[in-house]
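Along the sequence shown, the residues carry numbers beginning at 1.
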Amino acid sequence: MNRIVPQDLIPGKVYPAGTDSSSHFANEPLSRLFRFGDGLRGLGNQGGIRRSMVEGRDGAPREEAFTVILDTGKQSEWRNEYDPTSGILVYYGDNQTPGKDFRDTKQRGNETFLKYFDRAYSVEESHHAPFFYFERVGNNDVRYVGIALPYVEGMTRDEVLRRQQFHHLGAGASYENLVARFTVLPLAVSGEWLVDLKTGIIGGPNEPEAWRAFRDDRSIISSDDDALDDPAVEDFSRPPRLHEGARMTMYRLSQSRFRESLLRRSSCCELCGLAVRELLVASHILPWAHSDDRQKDDPDNGLVLCDMHDGLFDKGFISFDEEGRILLTSRLDANSLRFVGIREDMTIRMWPRREVYMRHHRARFEDPLR
C-alpha cells in the first residue's frame, strides 16, 4: 500500500464533506482529511475529540500522534467558546453520563486532556502531541482554525483545566466533565508534518517553529503581538481631511500592516477557502476612509476575502449577521449566486468585537439583506 500525504491545514480554510458515498460516515470530512495509507490508521469519523496514535515505532510507549478537537455547535448544555482576539478557546470534555467516572469515555477525550495539560505544566521531559482545532460549518463541512496548545500564559494548571458538575436535563441527574482552556495559534500545517507525527518523527524539518518553541520550553510565539483595544466605531461620518499625497502614503502603510495582521489570522478567503495569497484582499468592514487611526489597523475590523467576494462585500451585495451567517441582497438572483460561488448556507467566524463593526456594514446599505 502506498503512503498518502494528507492535505495541508490552512487556517480559515473550509474542508468539505465528501459526496461520493451514500454513507454519512464515509463522507465525513475529518476522517477523509486525515488519511495516511501504507497500513497506517486514519482518524475516526465520530466524536468531538478524536485521537490518532503514533504507529511504526516498535517497542515505544503508546502515545498520541495528535488529537483533533471539533466544535459542532450542537451541544445544548455547554457551548465551546473561541475568542480569536485573545486566542483562548474554552472547550468542554467528552463526558455527559451521570454516575460515570468523567475519565471513562469512549474516545478517552478527558483522559487525553488530563495527560497533555499535566505534561504542559510539568518540568519533566515527556511526549507532547498537538491538538488541531476545527469548527463545523453548515451541516457537514469543517473549518480549520489552528493548533490548540494545552497551556495559557499567566494561568496555572488548575485554572486552565478544571472539573465541573453539570446537570443532565434528560436524565435529571448530575455528572462531571472537564472544562479546558487552550491557546490557539492560527498556524498552517503541512501534510508532511502530519505524516511525521503519525510515524513518531519529532523535531524534523516539517515541524512548525511555533510548535517546536512550545514543545521545547512552553514559549508561545504569538501570531499577532499587537495590543487590541475595544473598538469605538460610532462616529464615522467624517473621513480625515489630508493632502492627497500624504493620504495615500498613510493608506499604503496602514493597509500593509493591516493585511499582514489579517493574513496571520487567516491565510485563505474566509468565505470560499481560496488560499492563493496574491488573490486575497484584506477588506475593512468599516471603510478605511471612515475609520480613525486605531480602527484602520484593528484586525477585528477586517476580513480576508478573495477578489470576487471582496467586491461583493464592499458594494453591499453580501453581509453577515450576528452569528456569521451570510446575508444576500435581492439584486443577486439564483444564476448570479452560482456564477460568483455564493451559497445561502455560507458562514464566517463572528465574535463580539467584529460584530460591532459588522452592524455598521449592514446599516450602510439601503437594499434589504436576507
_Are more than 12 heavy atoms, taken from residues, nucleotides or ligands other than Lys100, located less than 6.0 Å from that residue's NZ atom?_
yes
*Under a 4.5 Å cut-off applied to non-hydrogen side-chain atoms, are Phe134 and Leu9 in contact?*
yes
_Side chains of Phe34 and Ser52 in contact at under 4.5 Å (non-hydrogen atoms)_ = no
*Can you tell me how far the CD atom of Gln165 sits from the CD atom of Glu176, to the nearest 0.5 Å?*
5.5 Å
*Does Arg331 make a cation-pi contact with Phe317, if we ask for NZ or CZ under 6.0 Å from the ring centre and within 45° of the axis?*
yes
*asked:* Quiz question: by atom type and distance under 3.5 Å, do the side chains of Asp196 and Asn206 form a donor-acceptor pair?
replied: yes
*Do Asn27 and Asn140 touch side chain to side chain, with heavy atoms closer than 4.5 Å?*
no
*asked:* Between Arg50 and Glu28 (salt bridge meaning N to carboxylate O under 4.0 Å), is one present in this structure?
replied: yes
*Are Phe66 and Phe132 close enough that their ring centers fall under 6.0 Å?*
yes
*asked:* Under a 3.5 Å threshold, yes or no: a donor from one side chain and an acceptor from the other, between Thr105 and Asn110?
replied: no
*Hey, is the main chain of Leu280 close enough, under 3.5 Å, to the side chain of Arg259 for a donor-acceptor pair?*
yes
_Testing Glu64, His128, Glu111 one by one against Tyr116 for a side-chain hydrogen bond (donor to acceptor under 3.5 Å, both in side chains), which residue passes?_
Glu64
*Intermediate values then yes/no, side chain to side chain donor-acceptor pair (under 3.5 Å), Asp298 and Gln295*: CA-CA 5 Å; Asp298 186 358; Gln295 294 159 1; over 6 Å; no
Enumerate donor-acceptor pairs with a distance under 3.5 Å from any side-chain N or O in residues 178-194 to protein atoms, sequence neighbours excluded.
{"from": "Thr183", "atom 1": "OG1", "to": "Tyr151", "atom 2": "O", "distance (Å)": "2.6"}
{"from": "Ser190", "atom 1": "OG", "to": "Trp193", "atom 2": "N", "distance (Å)": "3.1"}

*What's the spacing between Leu286 CG and Tyr357 OH if we round to 0.5 Å?*
7.0 Å
*Just wondering, do His361 and Leu327 contact through their side chains at under 4.5 Å, heavy atoms?*
no
_Ring of Phe214, cation from Arg218 - is the NZ or CZ under 6.0 Å from the centre and inside 45° of the axis?_
yes
*Residues which pass side chain to side chain contact (heavy atoms under 4.5 Å, CB included) with Glu278, listed by chain and number, not counting sequence neighbours*: Val276
*Taking C-beta and beyond as the side chain, do Phe313 and Ile326 meet within less than 4.5 Å on heavy atoms?*
no
*Output the distance between atom CZ (Arg157) and atom CZ (Arg119), rounded to the nearest 0.5 Å.*
13.0 Å
*Any salt bridge between Arg277 and Glu260, counting N to O under 4.0 Å?*
yes
*Got a salt bridge between Glu270 and Arg349, using NZ or NE/NH1/NH2 to carboxylate O under 4.0 Å?*
no
*Evaluate whether atom CD of Glu125 has more than 12 neighbouring non-hydrogen atoms of other residues, nucleotides or ligands under 6.0 angstrom away.*
no
_Distance check, rounded to the nearest 0.5 Å: Asn177 atom CG versus Phe102 atom CZ?_
9.0 Å
